[in-house]
Every structure is written in structure tokens, then in C-alpha cells.
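Since the structure comes first, as C-alpha cells, the remarks are kept for the end.
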Amino acid sequence: MRITNCCRLIGSVLVLGLNSSVGMACPFCDSLRAQQVRAGIMNDLTLTTVSAIVSPFLLATGVLLAVHFGVLPLRMFSLKNWLPRRKP
Amino acid sequence: LVTKEKAMIFRAEDRPLISAGLALGIGMGGFVDGILFHQILQSHGMLSARRAPDSVVNMEINMFWDGLFHVFTWTMTAVGIWLLFRAAGVPQVNWSGKILFGAMLAGWGLFNLLEGIVDHHILHVHHVIERLGESIWDFAFLASGLILILLGAWMVASAEPEPNGRNNAPSSPSQTPLR
């Protein structure tokens with residue numbers, strides 16, 4: 001892969017920015033605060049939080065798939081189905 | 001008259017646009033929650049009921065989980081764009097703005113409803129206005145989801161093929177409208 005000068009410049013800025021940011025706050029760095037943040041992320045609450053983030057999207061994707069493959073009866077919301085029908 | 005078959009499922013020619021709109025609505029609804037409530041109003045964070053954002057460390061922890069949440073909203077939006085692009089390539093699709101925007105509203109409502117039930121009422125990781133705890137606003141959030149779903153589903157169900165839609169487009173290439 002060809003690494004251009006532009007890529008080098010962006011990489012340098014990123015490295016410089018991460019290491020010189022106030023308190024080195026990124027959770028992947030090695031400062032004391034970063035260690036505290038990591039400890040706050042990876043603990044007995046992690047599974048609950050991941051479930052809280054992922055499950056609404058998983059459930060919504062389930063509904064989306066049901067609609068896409070035509071098994072969800074949402075067309076019943078049409079007003080036409082609730083209005084009295086004329087006799088022929 | 002609406003036959004029973006038509007009343008029970010979406011029309012096949014509507015479904016590609018509905019699923020694209022739903023995915024876009026879920027993703028963009030997630031962005032509304034994340035951008036408006038988590039970032040601009042800062043009324044709650046992803047984990048604010050368990051880790052109150054009262055210190056820099058706790059704010060960073062909330063920010064990390066907010067970021068992961070935005071990964072999913074971004075992915076859902078990208079899926080919606082892909083589905084819309086695919087639908088645009090199928091001539092049989094009923095190309096109706098009412099269907100697309102109705103499905104987007106329903107997707108937004110679906111997101112609010114599911115996120116509200118799971119995060120606010122089952123797992124209790126955060127509430128709409130965190131300083132109030134579980135409050136009327138959490139139920140208003142659920143109600144907004146239901147209203148958006150009903151409104152969106154009604155828009156989709158009441159949409160007719162558009163007179164200038166692709167199904168009725170003129171056959172001459174010189175008259176074909178731009179998409």
C-alpha cells in the first residue's frame with residue numbers, strides 16, 4: 001500500500017493530538033484517567049450496557065426483516081379496512 | 001374494495017421502499033436521540049442512571065457508550081441508504097414519497113418505542129430527564145413512538161401509486177424524468 005505524504009501528515013497529527021490532549025483522556029491511552037475510564041467501561045455493567053445499546057437495534061431489524069419479506073400485517077392500519085363497506 | 005390479502009400484508013411493489021424508509025427512520029431516529037438528548041440538551045447519557053455524569057471520568061464513560069450507540073445508528077442509516085439505492089434500481093417499485101416518509105416516521109417511532117421499553121423501563125440504564133429519574137417524560141417518549149408508528153403506517157397504507165411515478169412514466173427515453 002502506498003503511503004502518501006498526506007497520510008503521514010494526518011497520522012502525525014493524530015498521534016500528536018492523542019498524546020498531547022488534556023489529561024490524555026482517550027480510553028485506549030495509558031494515563032491514570034484512561035485507566036479509570038477503562039475500569040468504568042469494562043466491569044459488571046458492561047453486558048447490561050451492551051444489551052441496552054444493541055437490543056433495540058436487533059429488535060428493530062427483526063421488524064424490518066418481517067416487513068421486507070412481507071409477513072407483518074401493518075396494512076391493517078389502512079382506514080379503508082375500518083370504514084363500513086357498501087353492499088354491492 | 002380491499003381484499004383480505006391486500007389488507008393483511010404490504011403490497012410487494014411497496015416493500016422495498018418501506019424497508020428502506022424503516023431503516024432510515026430507525027437510524028435517523030437514533031441520531032435525534034443521540035444528538036438532541038445526549039449531546040445538545042444533555043438531559044441524559046447512555047449510562048447516566050448508573051454512572052451519573054458528575055465527574056470527568058463518568059462523563060467519558062458515558063461518552064464512550066454514546067459513541068458505540070452512534071455506531072449502530074450510523075450503520076442503520078447506511079443500510080437504509082443501501083436499501084434505497086437497491087429499490088431505485090427496481091422498475092416495479094411503487095416510487096412514492098408518501099410511502100418513503102411514512103416508513104421513515106414508522107421507523108423513528110419503532111426506535112423510540114423499543115429503546116424506551118428496553119433502556120428506560122427494563123434495563124434502567126438511563127431516563128429521558130435523568131435528574132427526574134423514571135418520570136412522565138419516559139412515558140411521553142413511548143407515546144411519541146406509538147404515535148409516529150401509527151402516523152407512518154397510516155401514510156404508507158393510504159399511499160396510492162404516484163401519477164408521475166416510474167410505473168406510469170412515459171416510454172420515450174427523451175421524456176423519461178430524471179431520478
Side-chain angles (χ1 to χ4, degrees), chain A residues 17-18 21-88, chain B residues 1-2 6-12 14-16 18-20 22-23 25-27 29-30 46-47 50-51 55-58 60-65 68-69 71-73 75-76 79 83 103 106-107 110-111 113-119 122-126 149-150 152-154 156-158:
Chain A
L18 284 176
S21 58
V22 181
M24 292 167 62
C26 85
F28 309 107
C29 300
D30 209 26
S31 67
L32 176 64
R33 195 198 294 169
Q35 289 172 13
Q36 290 173 327
V37 172
R38 270 201 300 274
I41 291 169
M42 301 302 292
N43 52 31
D44 52 346
L45 263 178
T46 305
L47 196 62
T48 306
T49 317
V50 171
S51 311
I53 293 171
V54 176
S55 51
F57 288 100
L58 275 184
L59 293 168
T61 304
V63 175
L64 177 64
L65 289 174
V67 169
H68 191 76
F69 293 106
V71 293
L72 205 69
L74 284 185
R75 197 142 180 98
M76 67 188 177
F77 286 114
S78 173
L79 283 180
K80 290 173 192 167
N81 299 317
W82 301 99
L83 296 173
R85 292 178 184 179
R86 285 184 204 155
K87 287 177 185 173
Chain B
L1 287 178
V2 179
K6 268 193 172 176
M8 290 308 288
I9 56 169
F10 291 119
R11 289 178 294 220
D14 294 349
R15 284 205 296 264
I18 293 171
S19 41
L22 271 179
I26 294 163
M46 182 45 74
L47 203 57
R50 309 294 186 97
R51 284 265 185 183
S55 68
V56 176
V57 169
N58 281 356
E60 285 186 15
I61 292 167
N62 271 290
M63 203 183 293
F64 174 84
W65 291 120
L68 199 65
F69 168 72
V71 167
F72 281 90
T73 56
T75 306
M76 214 56 173
V79 168
L83 286 171
L110 186 66
F111 170 82
L113 192 66
L114 293 173
E115 203 264 351
I117 291 171
V118 173
D119 292 1
I122 296 177
L123 296 176
H124 293 281
V125 287
H126 63 253
I149 289 173
L150 289 174
W154 174 76
V156 169
S158 62

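All figures in this text were calculated on a predicted structure; none of them were measured in a lab. Just so you know, these numbers use all the heavy atoms, side chains as well, and skip hydrogens, waters and symmetry mates. First the proteins, then the strands, lettered A, B, ... as listed; each starts at 1.
The contact between Phe64(B) and chain A is made entirely by side chain atoms (from C-beta outward), counting heavy-atom distances below 4.5 Å. Proximity to chain A (any heavy atom under 4.5 Å) is shown, for Val57(B), by both the backbone and the side chain. Heavy atoms of Phe72(B) lying under 4.5 Å from chain A belong to its backbone as well as its side chain. Contacts of Thr48(A) with chain B are made by both backbone and side-chain atoms, with heavy-atom separations under 4.5 Å. Using a 4.5 Å cut-off between heavy atoms, Ile41(A) touches chain B through backbone and side chain atoms alike. With a threshold of 4.5 angstrom between heavy atoms, Leu47(B) approaches chain A through side-chain atoms but not through N, CA, C or O. For chain A, the nearby parts of Thr73(B) are the backbone and the side chain; heavy atoms of each come within less than 4.5 Å. Residue Val71(B) does not touch chain A at all, counting heavy-atom pairs closer than 4.5 Å.
With sequence neighbours left out, Thr61(A) forms a side chain to side chain contact (heavy atoms under 4.5 Å, CB included) with Leu65(A), Met76(B).
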Task: side-chain contact (heavy atoms from CB on, under 4.5 Å) assessment of Trp65(B) paired with Val50(A) - done: CA-CA 8 Å; Trp65(B) 291 120; Val50(A) 171; 3.9 Å; yes
TODO: Could you please spell out the steps behind the side-chain contact (heavy atoms from CB on, under 4.5 Å) verdict for Asp119(B) and Met46(B)?
DONE: CA-CA 9 Å; Asp119(B) 292 1; Met46(B) 182 45 74; 4.2 Å; yes
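To the nearest 0.5 Å, atom CZ of residue Phe69(B) and atom NE2 of residue His126(B) are 7.5 Å apart.
Applying side-chain contact (heavy atoms from CB on, under 4.5 Å) to Leu110(B) and the options Val67(A), Val63(A), Leu64(A) leaves one that passes, Val63(A).
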